[in-house]
Amino acid sequence: MTLTVASAMMMPFTACEQAQRENPLLVESQLPFGAPDFNKIEVTDYMPAFDAAIAEKRENIKAIVESQDSATFENTIVALEESGRSLDRVCRVFFALTEADKTEEIGEIEKKVMPLLTELDNEISFNSQLFERIKQVYDREHDALQGEDQKLLEETYKDFVRKGALLPEDKMARMKEINLRISDLQQQWGDALQAATNDAVVWVDKKEDLAGLSEADLAQCKKDAESRGGKAPYAIVIVNTTQQAILASLDNRDLRKRVFEASVHRTDGTNKHNTFAIASEIAKLRAEQAELMGYENYASYSLENTMAKTPDNVYAFLKNLIKAYRPKADAETKAIEDFARQTEGADFQLQPYDRFYYSAKMKKEMLNISEDEVKPYFTVDSVLINGVFYAANRVYGLSFKERTDIPTYHPDMKAYEVIDHDGKSLALFYCDYFRRPTKRGGAWMDGFQKQSRQWNQLPIIFNVCNSAKAPEGQPSLITWDEVTTMFHEFGHALHGILSNCQYNSLSGTSVARDFVEMPSQFNESFAAIPEVFDHYARHFETGKPMPSDLKERMLQSINFQTAYALGENLAATCLDLAWHMLPSKDIPTAGQAAQFETEALRQIGLLDVQIPPRYSTSYFNHVFGGGYAAGYYSYLWTEVLAVNIADVFAQRGALKPETGQDMRDKILSRGNTGDLMQMFTDFTGMAQPDASSLLKARGL
């Protein structure tokens with residue numbers, strides 16, 4: 001009773017105080033590096049911050065447009081680059097949460113914000129007076145400018161043209177409508193996919209049904225059940241990809257089937273979730289965008305601005321891989337089915353939910369190795385500190401100091417100061433590795449702040465993953481795939497951390513999709529280098545390194561039956577392209593989408609019940625919710641670049657600081673300030689990437 005009265009008495013004072021306090025999103029943070037102060041930021045701060053920052057951006061654009069001075073690089077291009085710094089700060093903090101900690105309140109704000117941001121982008125992109133000034137600078141000053149100034153001008157002009165600045169008024173109006181609708185649809189997609197993935201949890205009543213799982217995995221299933229409402233004693237959480245790693249261990253075939261089907265049917269309308277209508281409409285609108293811009297299809301429009309340049313180049317690359325891959329995949333499937341029949345009988349028909357299970361048993365028999373043997377040597381903390389950070393120290397001279405004084409958006413997140421080899425502070429790095437219901441699936445890198453000399457700004461970068469967090473008091477053990485994912489995402493982080501560019505919009509990872517995955521895929525190579533491996537692969541109880549015989553068997557097993565991994569990627573890649581190679585009139589309807597997927601895979605030679613796409617249409621978030629439309633091929637394309645670069649490192653000395661410095665100087669520090677192929681050539685000495693190295697690196 002007393003507490004209630006006291007609280008009521010305090011309400012007027014609190015409301016007054018709220019009205020008078022500065023919105024922490026609209027002022028420069030006083031924390032080191034300008035880090036976002038999550039101790040001060042409240043959910044109620046976001047909407048007012050967006051309103052104020054959008055208004056400020058409009059005023060900045062108005063000042064450029066209404067200037068009475070002749071358009072110059074400084075008063076137009078640099079002024080545009082400088083505009084809206086507050087909005088950049090607010091967006092970077094808010095959208096980190098929409099991806100990694102999307103509460104119901106954050107989701108509601110996102111629904112209000114996205115139309116406002118799309119309207120603003122339309123206003124700027126189709127502002128004829130603004131574009132006229134940009135064009136004047138481009139026509140008059142381009143040849144006189146050099147280096148990053150010239151690149152910034154080129155990218156600014158090209159961006160406006162590609163968005164439709166040269167379109168006639170009627171087409172421009174339609175492009176604005178399309179932009180708004182796609183923004184709304186992607187918001188719907190994100191909400192639907194997160195809800196569907198959470199609902200796809202497989203509940204298990206009996207511990208006996210989980211036979212085959214380790215004690216750590218059983219504890220995790222119990223914890224996952226408790227955190228999701230306790231509908232049963234145990235729960236198997238569905239991750240973002242089609243296949244589920246847990247299928248390698250489950251003895252219960254019926255349960256394996258339930259888990260697999262929960263994954264593949266999460267959003268295809270066999271339950272209350274169906275995203276086909278959203279995917280179909282997004283694809284149709286993208287095709288119309290391309291047609292308005294004078295292209296046959298969205299893939300042609302999108303790829304023009306990449307290293308690959310054309311769909312023909314991408315398909316030529318993919319078809320060469322498919323030709324080499326297909327016999328390997330067929331042989332691998334037959335070998336697994338033959339192995340299973342030794343115990344299950346000659347009539348046993350291998351199903352996709354069986355593949356991981358019998359492959360794991362086959363690997364155990366042939367190589368005497370299993371996931372349960374090696375997982376005790378891979379704890380999240382050791383992989384990060386003694387692996388990821390250790391490699392970065394050996395190669396690039398970086399050291400890392402945990403900063404417990406810097407607040408984070410979630411207790412699971414940690415912050416580290418990155419210190420260069422000369423002792424200077426270089427960046428802040430955050431990591432958020434554990435899954436939760438408010439986090440979308442997958443793993444990614446982004447930043448609260450990009451590096452920019454123009455803005456006197458050091459990078460604040462974060463990595464997000466979705467590993468299972470062990471119950472309190474137990475170590476969080478991860479698989480080899482999760483180990484390489486941590487190295488992968490930190491490769492992206494290094495691209496941001498080591499950036500040394502003048503302009504914010506050119507720095508860090510602001511490069512073409514078919515180049516941006518190269519630093520991350522290359523960084524995976526350090527995970528298996530013996531010196532690095534021995535440093536982090538230590539038993540969680542004894543602290544001792546993995547015994548040499550186990551290490552040898554484990555490293556040999558990395559390329560065991562790797563046709564599957566290549567095949568699921570190829571299938572997803574070709575599915576992405578199939579959707580984006582069509583004119584708008586031929587885009588399948590929601591009811592035709594599933595059959596279209598089947599036919600698209602059949603035509604390219606990748607329809608294989610045993611090796612389904614890594615992502616099917618209805619949950620292909622990279623393509624329909626993210627920025628990889630007609631660009632998922634980039635993972636394979638950049639893997640070629642990464643393997644070529646790893647070969648150069650191996651030749652020169654993989655952990656030699658001189659090699660790392662060369663990589664840093666010629667690629668990692670340069671962002672999008674030069675020609676990307678030239679950067680690759682400058683480091684490797686190769687005029688063109690050598691695609692043949694990819695199959696060899698994958699053991700195929």
Side-chain angles (χ1 to χ4, degrees), residues 210-220 243-253 256 328-329 331-345 348 350 352-379 382-383 386-387 467-468 475-487 524-567 610-611 696-700:
L210 296 169
L213 297 189
S214 67
E215 287 302 317
D217 288 337
L218 286 168
Q220 186 61 54
Q243 275 288 14
Q244 305 293 306
I246 200 168
L247 296 181
S249 303
L250 286 173
D251 292 338
N252 187 318
R253 195 183 193 203
R256 292 203 302 270
K328 300 284 187 181
E332 185 174 293
T333 297
K334 184 179 186 302
I336 296 171
E337 187 169 63
D338 287 346
F339 176 82
R341 286 175 174 175
Q342 293 176 16
T343 54
E344 306 300 335
F348 180 79
L350 190 73
Y353 47 83
D354 297 319
R355 189 184 189 94
F356 278 20
Y357 180 74
Y358 288 103
S359 178
K361 285 188 170 298
M362 194 174 176
K363 182 166 71 171
K364 174 67 175 175
E365 182 172 300
M366 293 177 66
L367 301 178
N368 191 27
I369 192 78
S370 70
E371 197 71 65
D372 289 341
E373 283 183 274
V374 299
K375 276 182 74 174
Y377 293 89
F378 301 145
T379 66
S382 184
V383 172
N386 300 318
S467 297
S476 293
L477 306 178
I478 58 177
T479 66
W480 174 252
D481 281 347
E482 290 171 314
V483 170
T484 56
T485 295
M486 287 176 64
F487 275 86
E524 292 180 33
S525 66
F526 291 110
I529 290 176
E531 181 182 330
V532 178
F533 185 90
D534 290 345
H535 205 253
Y536 71 81
R538 294 177 175 271
H539 198 280
F540 75 93
E541 290 178 324
T542 66
K544 293 182 178 180
M546 186 180 288
S548 57
D549 65 323
L550 179 58
K551 180 180 75 171
E552 184 177 349
R553 285 183 279 123
M554 188 267 157
L555 293 176
Q556 283 179 349
S557 74
I558 291 173
N559 282 332
F560 181 76
Q561 295 185 338
T562 53
Y564 183 93
L566 178 57
Q610 282 296 322
I611 307 180
K696 181 181 178 182
R698 282 180 173 252
L700 294 170

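- Side-chain contact between Phe560 and Ile369 is absent, with no heavy atoms from C-beta onward closer than 4.5 Å.
- Across all non-hydrogen atoms, the minimal contact from Lys375 to Asp217 is NZ-OD1, 3.2 Å.
- The aromatic rings of Phe533 and Phe378 sit perpendicular to each other, their planes meeting at more than 60°, with 30° as the lower class boundary.
- Ring orientation note: the planes of Tyr358 and Phe348 are nearly perpendicular, at an angle over 60° on the 30°/60° scale.
- The local environment of NZ in Lys328 is sparse, with at most 12 non-hydrogen atoms from other residues, nucleotides or ligands closer than 6.0 Å.
- Using a 4.5 Å cut-off on side-chain heavy atoms (C-beta onward), Glu373 and Lys364 make contact.
- Contact detail for Gly543 and Arg538: the closest heavy-atom pair is O-NH1, 3.2 Å.
- Atom CD1 of Ile246 is separated from atom CG of Leu213 by 5.0 Å, given to the nearest 0.5 angstrom.
- The two residues Thr484 and Ala527 have their closest heavy-atom pair at CG2-CB, 4.4 Å.
- Between Thr562 and Asn559, the side chains place no donor N or O within less than 3.5 Å of an acceptor N or O (distance only, hydrogens not considered).
- Between Met546 atom CE and Tyr536 atom OH the span is 8.0 Å, to the nearest 0.5 Å.
- Judged purely by atom type and a 3.5 angstrom limit, Gln220 has no side-chain atom pairing as donor or acceptor with the backbone of Ser476.
- The two atoms that bring Ala248 and Ala360 nearest to each other are O-CB, 3.8 Å, heavy atoms only.
- A salt bridge is absent between Glu365 and Lys361; no separation between the charged side-chain nitrogens and carboxylate oxygens falls under 4.0 Å.
- Under the 4.5 Å side-chain criterion, counting only non-hydrogen atoms from C-beta, Ile478 is not in contact with Thr379.
- In this structure, CE on Met362 lies 8.5 Å from CD on Glu332, to the nearest 0.5 angstrom.
- A heavy-atom distance below 4.5 Å is not found between the side chains of Val374 and Trp480.
- Distance alone, capped at 3.5 Å, places no donor-acceptor pair between the Ser359 side chain and the Phe356 backbone.
- Between Leu367 atom CG and Met554 atom CE the span is 11.5 Å, to the nearest 0.5 Å.
- Across all their heavy atoms, Glu482 and Ser467 have their closest contact at OE2-OG, 3.5 Å.
- Remark: side-chain polar atoms of His539 are not paired, donor with acceptor, to backbone N or O of Lys544 under 3.5 angstrom.
- At least one side-chain heavy atom of Lys551 sits less than 4.5 Å from a side-chain heavy atom of Asp534.
- In this structure, the separation between CG on Asp372 and OG1 on Thr479 is 11.5 Å, given to the nearest 0.5 Å.
- Annotation: cation-pi pair Arg355/Tyr564 absent, no NZ/CZ under 6.0 Å from the ring centroid and within 45° of its normal.
- Between the side chains of Thr333 and Gln610, not a single donor N or O lies within less than 3.5 Å of an accepting N or O.
- Within the 4.5 Å cutoff, the side chain of Gln342 has no heavy atoms near those of the Asp338 side chain.
- Taken to the nearest 0.5 Å, the CG atom of Leu250 stands 11.5 Å off from the CG atom of Asp354.
- Of all heavy-atom pairs between Pro547 and Tyr377, the closest is CD-OH, 3.3 Å.
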